[in-house]
Amino acid sequence: MPRRPNFLFFITDQQRADWLGCYGHPVLRTPHIDALAARGTRFDNCYVAAPVCMPNRASLMTGRYPSVHGLRCNGARLPLHANTFVDVLAAAGYHTASIGKSHLQPFLDTPPLRSPVTGDRLILEAWQPQRGDYGNEEPGRYSGSEHQPVATPYYGFQHVDMVTDHGDRCGGHYQQWFRATAPDWQALHDPANELPHDYSAPQAYRTPIPESLYPTTWVADRAVDYLDSRSGDDTPFFAFVSFPDPHHPFNPPGAYWDQYDPADFPVDLPFEAHRNPTPPMRWLDDAYRQGGKPVTAQTATRVSDRHVSEVRALTAGMISCIDDQVGRVMAALEAVGHADNTVVCFNADHGDYLGDFNLILKGLLPLRSVNRVPFIWSDPADPTPRQTAAMASTVDIGATVLDRAGLTPYYGIQGLSQLSVARGGDAVRTDTLVEFNDGAAKFGFESPARVRSLITPDWRLSLYRDQDWGELYDLQNDPRETHNLWDSVSHAGTRAELTLTLAHRLTAQMDECPLPERLA
C-alpha cells in the first residue's frame with residue numbers, strides 16, 4: 001500500500017500574488033519560495049473568498065464562503081461546530097498541527113466600531129449565542145507565565161502553537177515565550193526604544209527586537225521542532241505554518257529593515273492613473289487631501305508617493321525575512337527524511353493595495369491587489385514546473401488537499417479540487433466569487449458595505465448593495481483596473497451577461513448542510 005502524502009502548508013498574512021520573484025516581481029528576492037514553484041504548479045489566477053483575514057481563513061479551513069460558514073467579517077468567529085478539511089484529515093489518521101497565526105476567533109479585546117443596538121429587545125439576535133470556548137486567541141488567555149494550552153482539537157488541529165496579532169509584538173504562545181526568553185522584553189517593547197530611521201510612512205517602525213526573537217523566526221523555529229518530532233514516524237501529517245507578516249505595521253527586523261531601497265520602488269500606478277474613480281476611491285482621495293486619518297490602523301488609506309515607496313521597501317524586507325525562514329523549514333523537512341513524500345503549498349490569506357492608486361492596506365475596494373493571492377502546489381510525485389491561468393479560489397484548497405490524500409470531503413463543501421489542474425489538466429472553474437462584508441460604515445457609505453465580485457479570466461464585475469453604480473473591468477486589456485466600464489454603452493451586453501452569472505452564483509449561496517432527515 002503506498003504511503004499517504006504529508007502536507008506542509010505555508011501561509012502569509014496580507015501578501016498579494018505579484019510580490020514574489022516567481023510571480024515576476026522585478027526587485028524582491030524570494031529564492032526559497034521560488035524553488036517551490038520551480039518544482040510545482042504556480043496558480044496565476046487564485047482569488048480569495050474574502051479580502052480580509054478572518055473570513056478568508058475560515059473559508060480556507062471550511063471550503064465554504066463567508067455567507068455560508070458564518071464568519072462574515074473581522075471580529076466574528078468560526079462556529080466550533082463547523083467542520084474543516086483538517087477535521088477530515090485527522091479522522092483519517094493524520095497528525096495535524098497549526099503553527100503560527102490562526103485567527104479563526106478574535107484576538108483583540110477592543111469593542112467593534114459598530115456596537116449592537118439593544119433597544120427594547122428581549123432577545124438580541126436571530127441565533128442563540130454561540131456556546132463553547134471562543135477565547136482561545138484573546139490576549140488575556142496568554143497573560144500568565146505558564147504555557148497556556150489550547151483545547152484540542154482546535155478546528156481539527158491536534159497540536160497548536162498560537163500566534164496572535166501582527167508586527168513585532170505578537171501575542172499568544174509567542175508572547176509567553178518572548179517574555180520568558182528575553183530578559184529585557186519590556187524595553188524591547190517600549191516604543192521609546194525604537195531604532196533610529198528616516199522613514200515617515202504610516203506604521204513604519206524600526207523594531208529593536210533582533211531577528212532571532214522576531215515572530216517570523218519563532219514560527220519557523222516551532223515548525224522545525226514539529227518536523228523534528230516527526231522523524232522516524234510514518235504517521236502522515238498536515239502542518240499549517242502561518243506567518244503573521246508581511247501584514248502591517250511595517251517593521252522588518254535587523255538587517256531586513258534596509259535590505260531594500262525605497263528608491264527601487266517608484267509609484268507606477270498613481271491615483272491619477274484611474275480614469276473614473278469610484279465613490280469610495282474619491283472619498284479616500286478627499287480624506288487624504290484634507291489631512292484626514294484612517295478610521296482604524298487596519299483601514300485602507302491613501303498616502304503620498306514617498307510613503308508608497310517606503311512601505312513597499314519595508315514590505316519587501318518582511319517578505320525576504322519570511323523567505324529565509326521558509327528555507328530553514330524546508331531544510332528541516334529534508335533532514336527528517338520526509339521531503340520525498342510531502343506536498344508543499346504556499347498561499348496568502350489576502351493581498352494589500354501596496355501603493356496601487358496610492359492606497360495601502362486592504363478593504364472594500366475589490367482590486368486584484370487584494371483579491372489575487374499566490375498559490376503554489378509543489379508535489380514530489382509530480383515535480384514538473386508549471387504555470388496555470390486556470391481560475392482558482394481559496395475555497396478550493398481544502399478540497400484539493402483532501403483529493404490528494406484520497407479522502408472525500410464532507411457534504412456542504414463548496415470548493416472544487418484543483419488537483420487535476422495542478423497536474424496539467426484543464427480548468428475546473430469558469431469564474432470565482434469574492435464576498436466582502438464590512439463591519440461598520442466607512443468610506444462614505446451610510447451602512448456597512450456589502451460587495452460581491454465575479455471574476456473571470458477576462459472580466460471583473462462588482463456589485464455594491466443598494467448603490468446605483470458598480471464596477472466592470474476588462475482584465476485582458478486593462479489588467480491594472482484603471483478604467484471602469486460600468487457605464488460604457490458598448491459594454492452593456494457584457495455587464496448584463498456577467499450580472500446574470502453573478503445572480504446565479506448568489507442564488508447558489510445557500511448552506512446545503514445538513515441533509516434533510518425526512519421526506520417532510
Starting from the C-alpha separation in whole Å, work towards a yes-or-no answer on ring pair (Phe, Tyr, Trp, His ring centres under 6.0 Å) for Phe9 and Phe240. CA-CA 5 Å; Phe9 196 101; Phe240 185 75; 5.7 Å; yes
Apply side chain to side chain donor-acceptor pair (under 3.5 Å) to residues Arg72 and Tyr65 and explain how you reach the verdict. CA-CA 9 Å; Arg72 303 174 306 279; Tyr65 284 93; over 6 Å; no
Worked check of ring pair (Phe, Tyr, Trp, His ring centres under 6.0 Å) between Phe107 and His103: CA-CA 7 Å; Phe107 58 46; His103 215 185; 3.8 Å; yes
Take His189 and Phe178 through the ring pair (Phe, Tyr, Trp, His ring centres under 6.0 Å) test and state the conclusion after the steps. CA-CA 11 Å; His189 277 180; Phe178 182 79; 4.8 Å; yes
Test side chain to side chain donor-acceptor pair (under 3.5 Å) on Glu435 and Ser67 and set out the steps. CA-CA 8 Å; Glu435 300 183 354; Ser67 57; 2.7 Å; yes
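At least one donor-acceptor pair under 3.5 Å links the side chain of Arg64 to the backbone N or O of Gly412. Of the possible donor and acceptor atoms, none in the side chain of His147 sits under 3.5 Å from a partner among the backbone N and O of His173. Remark: the backbone N or O of Gly144 is paired with a side-chain donor or acceptor of Arg179 at under 3.5 angstrom. Ser320 places no side-chain N or O within 3.5 Å of a backbone atom of Gly317 that could act as its donor or acceptor partner. With hydrogens and angles ignored, the 3.5 Å screen pairs no side-chain donor or acceptor of Gln14 with any backbone N or O of Gly351.
Across every non-hydrogen atom of Pro55 and Asn74, the tightest pair is CD-OD1, 3.4 Å. Scanning both residues, Val163 and Pro244, for their nearest heavy atoms gives CG1-CG, 4.0 Å. Val329 approaches Ala223 most closely through the heavy-atom pair CG2-CB, 4.0 Å. Of all heavy-atom pairs between Cys22 and Thr30, the closest is N-OG1, 4.4 Å. The two residues His350 and Val52 have their closest heavy-atom pair at CD2-C, 3.5 Å. Residues Pro79 and Tyr134 approach most closely at CA-OH, 3.4 Å, considering heavy atoms.
Using modelled atom types and a 3.5 Å distance limit, the side chains of Asp168 and Thr207 yield a donor-acceptor pair. Between the side chains of Tyr47 and Arg368, at least one donor N or O sits under 3.5 Å from an acceptor N or O. With 3.5 Å as the limit, one finds a donor-acceptor pair spanning the side chains of Arg460 and Ser462. Looking only at atom types and distance, the side chain of Ser59 has a donor-acceptor partner in the side chain of His69 under 3.5 Å away. Asp87 and Thr84 share a donor-acceptor pair across their side chains, judged by distance under 3.5 Å alone. No side-chain donor-acceptor contact under 3.5 Å links Glu137 and Tyr142. Tyr214 and Asp245 form a side-chain donor-acceptor contact under 3.5 Å, judged by distance and modelled atom types alone. Under the 3.5 Å distance criterion, with hydrogens and angles disregarded, no donor-acceptor pair is assigned to the side chains of Thr400 and Gln418. Side-chain contact annotation: Glu512 with Gln414, donor-acceptor N/O pair under 3.5 Å absent. Side-chain contact of Asn136 with Arg77: a donor-acceptor pair under 3.5 Å is absent, judged by distance alone. Of the N and O atoms on the side chains of Tyr174 and Gln176, not one donor lies less than 3.5 Å from an acceptor on the other residue. Judged purely by distance below 3.5 Å, without hydrogens or angles, the side chains of Tyr256 and Asp324 pair a donor atom with an acceptor atom. In summary, the side chains of Tyr23 and Arg372 do not present any donor paired with an acceptor at a separation below 3.5 Å, with no hydrogens or angles considered.
Summarising the geometry, atom CE belonging to Met391 is positioned 7.0 Å from atom CG belonging to Asp431; distances are rounded to the nearest 0.5 Å. In this structure, Asn347 CG and Ser242 OG are separated by 10.0 Å, a value rounded to the nearest 0.5 Å. Expressed to the nearest 0.5 Å, how far OG1 of Thr388 lies from CG of Asn45 amounts to 8.0 Å.
Other residues, nucleotides and ligands place no more than 12 heavy atoms under 6.0 Å from the CD1 atom of Ile123.
By the 4.5 Å heavy-atom criterion applied to side chains, Met330 and Leu8 are counted as neighbours. Side-chain atoms of Arg57 and Asp13, non-hydrogen and from C-beta on, do get closer than 4.5 Å to each other. The shortest distance between side-chain heavy atoms of Thr456 and Leu498 falls below 4.5 Å. By the 4.5 Å heavy-atom criterion applied to side chains, Leu359 and Thr301 are not counted as neighbours. Gln105 places a side-chain heavy atom less than 4.5 Å from the side chain of Tyr154. With contacts defined as side-chain heavy-atom distances shorter than 4.5 Å, the pair Trp19/Ser369 does not qualify. Side-chain contact check for Leu28 versus Ile319: some heavy-atom pair is nearer than 4.5 Å. A heavy-atom distance below 4.5 Å is not found between the side chains of Cys46 and Ser393.
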For residues 440-448, dump all side-chain donor-acceptor pairs below 3.5 Å to protein atoms at least two apart in sequence or in another chain.
{"residue": "Lys442", "atom": "NZ", "partner": "Asp438", "partner atom": "OD1", "Å": "3.2"}
{"residue": "Ser447", "atom": "OG", "partner": "Arg465", "partner atom": "NH2", "Å": "3.4"}

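For Phe357 and Tyr353, the gap between ring centers reaches or exceeds 6.0 Å. The ring of Phe238 has its center no closer than 6.0 angstrom to the ring center of His95.
Looking at Lys101 and Asp165, no side-chain N of the basic residue comes within less than 4.0 Å of a carboxylate O on the acidic one, giving no salt bridge.
Tyr226 and His159 have tilted rings, their planes meeting at an angle from 30° to 60° on a 0 to 90° scale.
Within the structure, salt bridge (Lys or Arg N to Asp or Glu O under 4.0 Å) pairs that include any residue of residues 395-411 comprise Asp379-Arg404, Asp396-Arg429 (at least two apart or interchain).
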